[in-house]
Amino acid sequence: MSEHLEIRALLPQRHPLLLVDRVLDVEAGRFIRTVKAVTGSEPCYADLPEDACRWRWRYPAGLLIESFGQSAALLWLRGEQPDLDDGRTLMFVAATGFRFDGPVYPGDVVRHEVRLDSVIADTAFASGESWVGDRRVATVTTLVATRRPVQPPHPQTPELARAAA
């Protein structure tokens, strides 16, 4: 599962929020190693002036968490071999113990190393680290994700009543 098209087949995210570029290694249901190349042309840098201070080029923590979460989702979905057309959607629930150990800048390649700790019913628990080379940039104690049915709006909602009129 190393090709980008396979990643796109499993994850619902698309540009600019698809934040995993390649899977380096996977042991289904146990461990995954992925990479995300950070570039200066990311949308998060679009409004920075050319002479912005270095600290303003730090990759946003929220995007680093999202990239780690997408890596965890790939691990879970890869081990589960789910029916992706079953009417359920993958949802990020929480991340606890997320510690940032260092900055990430354009030009860095972030490597996520994610362990699937347990799956209970439709909820997965993962942990791991993120690295740039041999420098750890983040640690995650627990990341929680779930798969839930997508429920259509109730037919009596005001929006549907207006649309039907």
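Residues Arg136 and Glu129 are not paired through a salt bridge, judged by the lack of any N-O separation under 4.0 Å between the basic side chain and the carboxylate. Ion pairing between a basic and an acidic side chain is recognised when a charged N comes within 4.0 Å of a carboxylate O; Arg8 and Glu6 show no such pairing. Salt bridge annotation for Glu42-Lys36: present, with a cationic side-chain nitrogen under 4.0 angstrom from a carboxylate oxygen.
Separation of atoms CZ (Arg33) and CG (Leu75) is listed at 12.0 Å; rounding is to 0.5 Å. Annotation: the span from Leu17 atom CG to Leu63 atom CG amounts to 7.0 Å, rounded to 0.5 Å. Taking OG of Ser127 as the start and CG of Asp117 as the end, the distance is 3.5 Å to the nearest 0.5 Å.
Identified under the ring pair (Phe, Tyr, Trp, His ring centres under 6.0 Å) test for residues 6-52, with sequence neighbours left out: Tyr45-Trp57. Residue pairs that meet the ring pair (Phe, Tyr, Trp, His ring centres under 6.0 Å) test with at least one member in residues 112-149, sequence neighbours left out, are Phe68-His112. Within the structure, the salt bridge (Lys or Arg N to Asp or Glu O under 4.0 Å) test picks out no pair touching residues 51-71 (sequence neighbours left out).
Formation of a donor-acceptor pair under 3.5 Å by the Arg78 side chain with backbone atoms of Val26 is not found in this model. Under the 3.5 Å distance criterion, the side-chain polar atoms of Asp21 are matched with a main-chain donor or acceptor of Ala37. Here the side chain of Arg135 pairs a donor or acceptor atom with the backbone of Pro103 at under 3.5 angstrom.
Under the side chain to side chain contact (heavy atoms under 4.5 Å, CB included) criterion, Thr146 pairs with Met91, Val93, Asp122, Thr123, Arg148, not counting sequence neighbours. With sequence neighbours excluded, the residues satisfying side chain to side chain donor-acceptor pair (under 3.5 Å) with Thr39 are Ser41. Annotation: side chain to side chain donor-acceptor pair (under 3.5 Å) contacts of Ser118 (sequence neighbours excluded): none.
The minimum heavy-atom distance linking Val114 with Ser71 is given by the pair CG2-CB, 3.9 Å.
For the side chain to side chain contact (heavy atoms under 4.5 Å, CB included) with Val20, the qualifying choice from Val110, Thr34, Ile32 is Thr34, the only one to do so.
Each of Leu77 and Val144 belongs to its own hydrophobic cluster when Ile, Leu, Val, Met, Phe, Trp and Tyr are linked at side-chain heavy-atom distances under 4.5 angstrom.
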